Colleague: 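Please see the structure below; I have some questions.
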Protein chains: 2
Amino acid sequence: MWHCQGVTRPAPVPGAVRQGSLRELNLAVVLGRIAAAPRPPSRADVAASTGLTRATVSAVVDDLIAGRLVAESEPAPRAGAGRPARGLVLAGSGPAGLGLEINVDYLAACVVDLAGEVRHHTVRRADLRPVSPADALARLVTLAAEARADAEGQGLTLAGVALAVPGLVGDAGLVRLAPNLGWRDVAVPELLAGHPPLAGPVPGVPPLVVDNEANLAAVGELHADPTGPASFLHVSGEVGIGAGIVLDGALFRGVRGWSGEIGHIPVQPQGRPCRCGGRGCLEQYAGQEAVLAAAGLDRADLPADTAAARLADLAAAGHPAALAALAEAGQALGVAVAGVVNLLDLDTVVLGGGYALLTPWLRPAVLAEVSRRVLTAGWAPVTVRPSTLGPEAAVVGAAGSVVRRIVAEPVGWLTRQG
Amino acid sequence: MWHCQGVTRPAPVPGAVRQGSLRELNLAVVLGRIAAAPRPPSRADVAASTGLTRATVSAVVDDLIAGRLVAESEPAPRAGAGRPARGLVLAGSGPAGLGLEINVDYLAACVVDLAGEVRHHTVRRADLRPVSPADALARLVTLAAEARADAEGQGLTLAGVALAVPGLVGDAGLVRLAPNLGWRDVAVPELLAGHPPLAGPVPGVPPLVVDNEANLAAVGELHADPTGPASFLHVSGEVGIGAGIVLDGALFRGVRGWSGEIGHIPVQPQGRPCRCGGRGCLEQYAGQEAVLAAAGLDRADLPADTAAARLADLAAAGHPAALAALAEAGQALGVAVAGVVNLLDLDTVVLGGGYALLTPWLRPAVLAEVSRRVLTAGWAPVTVRPSTLGPEAAVVGAAGSVVRRIVAEPVGWLTRQG
DNA sequence: GCTATTTGTTCAGTGGTTGAATTATTTGGC
DNA sequence: GCCAAATAATTCAACCACTGAACAAATAGC
């Protein structure tokens, strides 16, 4: 049963707390603490950090272990007297998320378990621009079936699927526009209706979520560094430029899920005309094509996904045109980022996608513009750093978004178990 | 006891649910429903909309009535058989919030009750630029004491104070920079330490909150129209240009509370230099001084708070320079707003402060830029409308932010009552 | 071996919700 | 005018999950 819906926040108005919600909420709280802890915590640790009684935590943990969400790990070596604690970790053999990605020149699939470990990862290169959406999705299903088989072989159960696409996604998985793929109004769930479902129904977890790659890449980055900042801007530099906004540990999606369209912020209003109708948009100065052209490289010469690596090589070798192109791109990016930081008061900007490799050359100009234009930069510095996942952030984030949902609302999975 | 802290979200990680939290949460849920309902709901209505039992709702409502947070209203005339319902409304004689504002040429105080009604409102005009911060605050305390006396005469109890200032506010009420007042690093709580406290201590409600006027104006607008959108951008056009961002019914403050600095978004990078160090900032084209200059008016001729009214008069009379100045300002504002809408995917923009009166002339240019530059505008139109509160939004919002907090967490007030 | 110490479990007690039954109050039909 | 139907609000025994204290388990140090 393919069925799709956008990721929406649980409930803006916190619902009423009924008798049973109490346990439901505490299951989520305890599981969340286990997930967020830097080291496997004991039941007593969880009790201390949540304020619950040890008795309650024990009861809740029993439920979580019975539902294959938590496992006991080896006792962590700890100094001092007393009965040794049994560490609690997220189960490596329970539910898992399947992440898929369609991009201009590759397809990807990836499985992430509850603990956030990548348990399977495949990338298949192919130019998908000449391929019809139906065919592209059919190929993706093949990849997904392999991933599923691998996951089940490892004792995992797929609980949901998330698909990253480089475009605007509307309600019910409708891809409104994916310019670089040449897609327009593609109803992904309908095209997948003929294929067997990849993930069993789990209450509270939508079987298929379709989302923008920039959004999911930001989620991936959030996952990759659990101790990192809870709010940041993740900028993906590909052919287009997209951003994912993470606020207080949650992706901010906007009213209709179309947040993060940063590519058309004006950075040179009297500048080059842009296909969007404006002038001097960021994309015209920091988009992949613009940077390649400025560096004197022809896009046709090299596959899109190696463009960033090629630029990085040239820059590292001191190629003057490449250095100049990157400096100009960084300056344009800095103007846009400064606007975002002024608006949202963020203290961390992550450069992802193609920008990850190029950060050493982009960063100085970005920082210069930010410190020049952000009034508060003097009191609170802004960190600009490369993404830790790089181009894989979107698939990993897609898979991670599935398990993240289970961690946030474990009761759905637990009821499914019977 | 003057003591201050910034408004922070309740808790990013929802805390553990203890035995007693159950009632605590349901008090908030029931009170929230009563506050949000378009008409006074009955206990049965609240039970139906929350999913709680009528028995539970009755018990919770009894607590709320005993704590002077809710009152029973006249039975709403209703068709059909059955025992008539008793309507529940927020009490008009319980806790209230005191809002204060210091601005360039006036001081203001205002009292808002739980229901959001403005029960007291004073504005005192005076040029405060030559006045020292200590003296300005002393005058404000006089105004506040009058407001308090009036409120208590009406049976209200002040539960907290919020102060709006036109500048950047750091931790602990420190005004880092208020350029138009000429303030820098003014520790408001310290300067108020010699004066008697204006609001009694209520658990969970900080006695004094100092915040940016643009932020509080957005809160005021959110309050003024409970049926309005839950997410919007509120742009205040004064000497500077500030914005308040409301997401999902809550003010978004950023990591350090400095969100909304929209005045220095570049709209003409090769344009006029700005005091911020950049070039062609929005403020240089849509700020009050710029618009007045472009319209051929001298700022010294008229008090700042009547500048907008004067411009509106001229525009209504067809004055060519004024119309041209407003069109240019609207265009610049549109460029900036388009960037914000692209980034955050908002569907509503409220023009407040001085812009409220000028909306008829600004709106066309703003909409034109938005529909030109926002890729998704074709699928989902953006509404641009004037603020309903106008220049009073900040004081009203300040007072409203106090009662809002009580509605969100009524248990603090209730325990105070003994 | 004994004590101090910490973890995890057991169990009676309690607070708050639940659901059904009951009371209260009105409309509408005969 | 009286009774049935309908809806609102309250009462009360039952139940669920958390609480707190006591207890068992397991280790380090002396």
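Reminder, nothing fancy here: chain letters follow the sequence lines and each chain counts from 1. Note that the structure is predicted; figures quoted are calculated from it, not measured.
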Colleague: I'd like to compare against my own output: the B/S/- annotation of nucleotides 8-17 of chain C with a strict under-4.0 Å heavy-atom distance to protein.
Modeller: BBB---BBBB
Colleague: Is the shortest side-chain N to carboxylate O distance from A/Arg33 to A/Asp45 below 4.0 Å?
Modeller: no
Colleague: Does B/Asp150 have any side-chain contact (heavy atoms from CB on, under 4.5 Å) partners at least two apart in sequence or in another chain, and if so, which?
Modeller: B/His120, B/Gln154
Colleague: To the nearest 0.5 Å, what is the distance between CZ on A/Arg43 and CG on A/Asp62?
Modeller: 6.5 Å
Colleague: A/Leu22: which residues meet the side-chain contact (heavy atoms from CB on, under 4.5 Å) condition with it, sequence neighbours left out?
Modeller: A/Asn26, B/Val17, B/Leu22
Colleague: Any sub-3.5 Å donor-acceptor pair from A/Trp413's side-chain atoms to A/Pro95's backbone N or O?
Modeller: no
